[in-house]
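I have placed the structure first, in the form of structure tokens, so that the comments after it can refer back to it.
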Amino acid sequence: MLTANTRAAGLSAHITGTGPSIVFLHSLLSDRGSLEPMVPLLSDSFRLVLLDLPGFGGSPRVEGGLDGQADAVAAAVAEACPGETPILFGNGYGSFLALATALRHPQLSSGLFLAGCGAGFTEEGRGAFRFMAAKAGEEGLESIAQTAMLRLFPAAMAARVPQTLAERRAAFVATDPDVFREACGILATLDLKEAARRLAVPVFACAGALDAATPPVMAQELADLVPNGTFHEIPDCAHVPTLQAPAEVAVLLTGFARTVEAPPEPVAASQAG
């Protein structure tokens, strides 16, 4: 098994495991460390490409808003997975970026597994992003760290995982404030609902039952919008299933990969025309 920290079309990536590739995109309120629990569960069956999103971790900022970021991710996927059409896994902001990438580059991937996702926010949701962006600009990310962590972990859940919460808080406050504000602006205006109706690949849209940042109804809406969508709600889980329910995510993702990889049923000679 090859494990390496590398760069793919300029983006920082951690690559490990053996098998067909899955590319992981993390959430806005975290970094690729939130994806690490998936490695021991999946690396014997899949080659895992954990990307730092543009502007996060070791990846540089990218101009052009969501479209520019999607193009950067597409270039990274093409370089990291030559000759493949991998599954794109996205959580939170990473799910919107995965969706935008698949829409702009329809031949790039074989399917999308999206956790904490949707095609657009309610006005209340948009307002939350505008508030966080303004507050971060005025007082820095530390001023909204508690709010951000509550969007990741409900209070009762946070009390059970203090070390994980501390790690996620540290990762959040280390984010470039300008990158965070730009992403909040993108999410506050995002509307991919009409475009999602034309999506060329299957989508598995899931959400934690306790997810306050991207409620399950958003994932259900996305699954209903796309031509080939499946919805699943994960119990006792909030916004980051890779941290809060990694074993269930591994089972669901493995099952989805099998359906994507399954060849189409052969057409009988009498039906072939």
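Note that the numbering runs from 1 along the sequence shown for the chain. Only this structure's heavy atoms are used, side chains among them; waters, hydrogens and symmetry mates stay out.
M149 CE to T164 OG1: the interatomic distance, rounded to the nearest 0.5 Å, is 11.5 Å. Taking CG of L41 as the reference point, atom CD of E36 lies at 11.5 Å (rounded to 0.5 Å). Here CG of L243 is found 10.0 Å from CE of M157. Values are rounded to the nearest 0.5 Å. To the nearest 0.5 Å, the span separating CG on L42 from CG on L253 amounts to 5.5 Å. With rounding to the nearest 0.5 Å, the separation of CG in L112 from CZ in F256 is 6.5 Å.
Surrounding CD of E123 are more than 12 heavy atoms belonging to other residues, nucleotides or ligands, all under 6.0 Å away.
Applying the side-chain contact (heavy atoms from CB on, under 4.5 Å) test between V23 and each of L50, L51, T101, L48 identifies L51 as the sole match.
Side-chain atoms of S59 come within 3.5 Å of backbone atoms of S12 as a donor-acceptor pair (strictly under, hydrogens ignored). Looking at T85, its side chain never comes within 3.5 Å of a backbone N or O of L108 through a donor-acceptor pair. Between the side chain of S143 and the backbone N or O of G140, at least one donor-acceptor pair lies under 3.5 Å. Side chain of E84 to main chain of S21: a donor-acceptor pair is present (N/O by atom type, distance under 3.5 Å, no hydrogens or angles). Between the Q244 side chain and the V240 main chain, a donor and an acceptor come within less than 3.5 Å of each other. When atom types are taken as modelled, the side chain of S95 and the backbone of A115 share no donor-acceptor pair closer than 3.5 angstrom.
Looking only at atom types and distance, the side chain of H232 has a donor-acceptor partner in the side chain of E248 under 3.5 Å away. Looking only at atom types and distance, the side chain of H239 has no donor-acceptor partner in the side chain of S27 under 3.5 Å away. Side-chain contact of N5 with H14: a donor-acceptor pair under 3.5 Å is present, judged by distance alone.
Cluster membership for V62 and F56, using ILVMFWY side-chain heavy atoms within less than 4.5 angstrom, is not shared. Under the 4.5 Å side-chain contact rule for hydrophobic residues, L150 and L28 do not share a cluster. Taking hydrophobic clusters as Ile, Leu, Val, Met, Phe, Trp and Tyr residues chained together by side-chain heavy-atom distances below 4.5 Å, L88 does not share a cluster with L225. Tracing side-chain contacts under 4.5 Å through hydrophobic residues (I, L, V, M, F, W, Y), one reaches F131 starting from F129; they form part of the same cluster.
Under the 4.5 Å side-chain criterion, counting only non-hydrogen atoms from C-beta, C81 is in contact with V49. Two residues are said to be in side-chain contact when any heavy atoms from C-beta on lie closer than 4.5 Å; D52 and H26 meet this criterion. Side-chain contact between L53 and R32 is absent, with no heavy atoms from C-beta onward closer than 4.5 Å. With contacts defined as side-chain heavy-atom distances shorter than 4.5 Å, the pair D44/T18 does not qualify. The shortest distance between side-chain heavy atoms of V39 and S43 falls below 4.5 Å. Residues L25 and V73 have side chains in contact (heavy-atom distance under 4.5 Å, counting atoms from C-beta outward). Looking at heavy atoms from C-beta onward, I87 lies out of side-chain contact with S109 at the 4.5 angstrom threshold. T214 places none of its side-chain heavy atoms less than 4.5 Å from the side chain of C117.
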Candidate pair V249 and M38, rule side chain to side chain contact (heavy atoms under 4.5 Å, CB included), full reasoning: CA-CA 8 Å; V249 171; M38 306 311 303; 3.6 Å; yes
Working for side chain to side chain contact (heavy atoms under 4.5 Å, CB included), residues E182 and E63: CA-CA 10 Å; E182 179 186 14; E63 300 298 323; 5.8 Å; no
Pair F231-F204, ring-ring contact (aromatic ring centres under 6.0 Å, His included): steps then yes or no: CA-CA 6 Å; F231 168 71; F204 190 96; 8.8 Å; no
Worked check of side chain to side chain contact (heavy atoms under 4.5 Å, CB included) between L66 and L97: CA-CA 7 Å; L66 187 65; L97 185 48; 3.9 Å; yes
Residues F180, L29; criterion side chain to side chain contact (heavy atoms under 4.5 Å, CB included); working and verdict: CA-CA 9 Å; F180 176 78; L29 303 178; 3.9 Å; yes
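Summarising the geometry of G55 relative to D176, their closest heavy-atom pair is O-CB, 4.5 Å, with the distance given to 0.1 Å. Taking every heavy atom of both residues into account, P60 and G10 meet most closely at CD-O, 3.2 Å. Residues C184 and A133 approach most closely at CB-CB, 3.7 Å, considering heavy atoms. Counting all heavy atoms, side chain and backbone alike, I234 lies closest to C206 at CD1-SG, 4.1 Å. Between A119 and L222 the shortest heavy-atom distance is CB-CD1, 4.1 Å. Summarising the geometry of A159 relative to P162, their closest heavy-atom pair is O-CD, 3.7 Å, with the distance given to 0.1 Å.
Between R7 and E79 no salt bridge is recorded (no basic side-chain N to carboxylate O distance below 4.0 Å). A salt bridge between D236 and R160 is present, with a side-chain N of the basic residue lying under 4.0 Å from a carboxylate O of the acidic one.
Residues that satisfy the salt bridge (Lys or Arg N to Asp or Glu O under 4.0 Å) test with E142, not counting sequence neighbours, are R169. Taking the salt bridge (Lys or Arg N to Asp or Glu O under 4.0 Å) definition, one finds that D211 meets it with nothing, sequence neighbours left out. For the salt bridge (Lys or Arg N to Asp or Glu O under 4.0 Å) test, residues two or more places apart in sequence or in another chain that qualify with R181 are D178. Remark: R151 pairs with no residue by the salt bridge (Lys or Arg N to Asp or Glu O under 4.0 Å) rule, at least two apart or across chains.
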For residues 188-195, run the donor-acceptor check on the side chains, cut-off 3.5 Å, and write out each pair with its distance to 0.1 Å, sequence neighbours left out.
| residue | atom | partner | partner atom | Å |
| --- | --- | --- | --- | --- |
| T189 | OG1 | G185 | O | 3.2 |
| T189 | OG1 | I186 | O | 3.3 |
| D191 | OD1 | K193 | N | 3.2 |
| K193 | NZ | E221 | OE2 | 3.4 |
| E194 | OE2 | R197 | NE | 3.3 |

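Judged as a ring-ring contact (aromatic ring centres under 6.0 Å, His included), the pairs with a partner in residues 77-111 (not counting sequence neighbours) are, in order, F24-F89, F89-F113, F96-F121.
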